[in-house]
K.L.:
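Questions regarding the structure given below will be posed in turn.
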There are 2 protein chains.
Amino acid sequence: MFRLSRVTDYGIVILAELARHRPDDEPAELMSGAPSLNARELAERADLPLPMVSKVLKALTRAGVLESQRGTKGGYSLARDPEELTVSAMIAALEGPLALTQCSDGEAACDLEATCSVKSPWLIINRVVQNSLASITLADLTNPGFAAQHTPLAGLAQLQTLADAPAKTTSDEVR
Amino acid sequence: MFRLSRVTDYGIVILAELARHRPDDEPAELMSGAPSLNARELAERADLPLPMVSKVLKALTRAGVLESQRGTKGGYSLARDPEELTVSAMIAALEGPLALTQCSDGEAACDLEATCSVKSPWLIINRVVQNSLASITLADLTNPGFAAQHTPLAGLAQLQTLADAPAKTTSDEVR
DNA sequence: TATTTACAGGACCCATTTGGTCCTGTATTC
DNA sequence: GAATACAGGACCAAATGGGTCCTGTAAATA
Ligand code: FES
Ligand code: FES
């Protein structure tokens with residue numbers, strides 16, 4: 001079906017909620033550290049079952065996208081600014097590194113490799129998709145005007161810059 | 001895991017085989033209709049199990065990517081020129097229309113919709129990926145120099161044109 | 001220090017999807 | 001009318017996904 005898993009879908013919704021809660025660098029917040037919400041609060045805001053939300057949050061924390069604080073006043077907060085968190089990083093955090101086919105995974109992962117004729121094209125396709133997803137950030141997702149103003153090509157300038165670097169691997173971005 | 005299914009992977013390999021077999025509009029072939037290969041021949045060339053190849057071929061035919069001929073001299077041939085068959089069309093033929101999340105599917109497919117805050121961004125992300133995949137054709141995949149010469153941005157001009165149209169749905173492209 | 005709160009890390013379970021084979025039927029050629 | 005090759009499913013085993021729950025540990029507070 002070529003879908004992102006449901007966990008990832010939830011993850012993005014939750015991240016959007018966290019980004020929205022962040023009061024745009026309000027001075028008071030700066031002093032008390034990054035603003036955070038706990039799992040229960042996030043579950044309520046996103047209207048999702050708590051156990052699921054908790055699972056997603058733990059995964060995002062492990063991947064380094066979120067930072068967690070234990071104890072009574074605990075909760076989760078973004079590890080970076082929303083502008084710096086790309087969609088491809090979010091996806092990589094929850095789905096693992098982007099590899100559309102076996103062959104585009106790490107090394108020698110595909111068993112067709114011996115006879116296959118299209119391995120290197122797959123690598124390119126992978127990178128193109130990767131760059132597309134890297135051209136959108138969490139900040140874009142929570143910007144109400146984004147959908148309206150965004151032509152399908154608005155991300156191109158950014159894509160341009162990203163493409164110059166040899167497509168940093170997703171793990172680099174996340175961990 | 002965010003992978004294309006194995007069937008799709010096979011499908012692309014097989015399509016590449018068919019495109020390669022096509023002798024670049026050799027005159028004799030033009031008269032006798034499009035060159036074709038049968039399932040057994042393709043299975044051998046791709047070194048894949050025949051039943052699997054057969055399944056994939058049938059799916060591709062149903063989707064309109066291939067044309068089939070029954071009987072003794074039967075077989076499969078490309079329904080279009082390799083230059084006109086995009087990667088996104090191939091994927092759509094075997095995986096169904098591109099919809100990275102539930103919400104980006106047709107209408108009201110996502111149950112989070114009521115409370116969700118990121119629906120429209122998803123639609124955009126979808127389209128960006130779609131356009132990326134539409135910027136590469138079967139002809140590119142079989143062009144040996146493609147991988148070497150292709151910078152991650154070589155597809156941009158094409159992407160530009162594609163983006164002007166309101167992102168034709170994958171089903172339009174295929175069926 | 002005891003208690004409470006909230007995250008960490010898995011183990012599980014059931015439903016769905018994939019990967020793969022095989023069988024029966026129909027069109028084509030000779 | 002015999003042989004060939006596609007059409008369309010049924011079918012099964014294995015893997016994945018969606019979701020819950022349990023046990024443990026860190027932090028805050030009274
Ligand atoms: S399909 Fe995997 S190496 Fe080509
Ligand atoms: S996640 Fe589906 S509508 Fe937002």
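Below, chain A is the first sequence line, B the second, and so on; all start at residue 1. Predicted model, so just to flag it, every value in this text is computed and none were measured.
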K.L.:
To the nearest 0.5 angstrom, please state how far the OG atom of B:S132 sits from the CG atom of A:N126.
P.N.:
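Nearest 0.5 Å value for the OG-CG distance: 11.5 Å.
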
K.L.:
Can you tell me the distance, in whole Å, between the CD atom of A:E41 and the C1' atom of C:dC7?
P.N.:
14 Å

K.L.:
Are any non-hydrogen side-chain atoms of B:Y10 and B:L94 less than 4.5 angstrom apart?
P.N.:
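Side chain of B:Y10 against side chain of B:L94, heavy atoms only: no contact under 4.5 Å found.
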
K.L.:
Are side-chain heavy atoms of B:I12 and A:W122 found at a separation under 4.5 Å?
P.N.:
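Yes, close enough: below the 4.5 Å cut-off.
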
K.L.:
Could you state the CG-P distance from B:L37 to D:dA5, rounded to the nearest angstrom?
P.N.:
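One finds 12 Å between P of D:dA5 and CG of B:L37, rounded.
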
K.L.:
Quick one: closest heavy-atom pair of A:E95 and A:S5, and the distance?
P.N.:
OE2-N, 2.7 Å

K.L.:
Could you check A:T8 against A:T72 and say which one's nearest nucleotide on DNA chain D is further toward the 5' end?
P.N.:
A:T8

K.L.:
Nearest-Å distance, CG (A:L50) to P (D:dC21)?
P.N.:
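So the two atoms are 11 Å apart, to the nearest Å.
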
K.L.:
Side chain of A:S68 only, heavy atoms from C-beta on: which candidate in C:dC7, C:dG10, D:dT20 is closest?
P.N.:
C:dC7

K.L.:
Among C:dA6, C:dG20, D:dC6, find the nucleotide with the atom closest to the side chain of A:N38.
P.N.:
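My answer, after comparing the listed nucleotides, is C:dA6.
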
K.L.:
Counting any heavy atom closer than 4.0 Å, what does A:S54 reach on the DNA or RNA strands: base, sugar-phosphate only, or nothing?
P.N.:
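It contacts nothing in the nucleic acid.
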
K.L.:
Of the nucleotides D:dA5, D:dG19, C:dG19, which has the atom closest to the B:V7 side chain?
P.N.:
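Closest nucleotide to the B:V7 side chain: C:dG19.
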
K.L.:
Could you check if a side-chain atom of A:V53 sits within less than 4.5 angstrom of a side-chain atom of A:R40, using non-hydrogen atoms only?
P.N.:
no

K.L.:
Detail all sub-3.5 Å separations between protein N/O atoms and N/O atoms belonging to nucleotides 22-25 of chain D.
P.N.:
residue, atom, partner, partner atom, Å
D:dT25, O2, A:R70, NH1, 3.0

K.L.:
Of all the choices, D:dC6, C:dT21, C:dG10, which nucleotide is nearest to the side chain of B:A39 once you look at every atom?
P.N.:
D:dC6

K.L.:
Tell me whether the side-chain N/O atoms of A:S5 come closer than 4.0 Å to OP1 or OP2 in D:dT16.
P.N.:
no

K.L.:
Between D:dT20, D:dC6, D:dA28, which nucleotide gets closest to the side-chain atoms of A:K73?
P.N.:
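That would be D:dA28.
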
K.L.:
Sequence neighbours excluded, which residues qualify as side chain to side chain contact (heavy atoms under 4.5 Å, CB included) partners of A:E41?
P.N.:
A:L37, A:N38

K.L.:
Could you state the NZ-C1' distance from A:K55 to C:dG9, rounded to the nearest angstrom?
P.N.:
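Distance check: A:K55 NZ to C:dG9 C1' gives 12 Å.
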
K.L.:
With a 4.0 Å limit, can you tell me whether B:Q69 has a side-chain N or O closer than that to the phosphate oxygens OP1/OP2 of C:dT29?
P.N.:
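For C:dT29, OP1/OP2 do have a side-chain N/O of B:Q69 under 4.0 Å.
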
K.L.:
Figure out the CG/C1' separation between B:D9 and C:dT18, and round it to whole Å.
P.N.:
14 Å

K.L.:
Can you name the one residue among A:L18, A:L66, A:L78, A:V7 that meets side chain to side chain contact (heavy atoms under 4.5 Å, CB included) with A:L60?
P.N.:
A:L66

K.L.:
Does C:dG19 have OP1 or OP2 under 4.0 Å away from a side-chain N or O of B:Y10?
P.N.:
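Looking at the OP1 and OP2 atoms of C:dG19, neither is under 4.0 Å from any side-chain N or O of B:Y10.
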
K.L.:
Which is true for B:F2 with a 4.0 Å heavy-atom rule: it touches a base, it touches only sugar-phosphate, or it touches nothing?
P.N.:
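Answer is nothing: B:F2 stays at 4.0 Å or more from every strand.
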
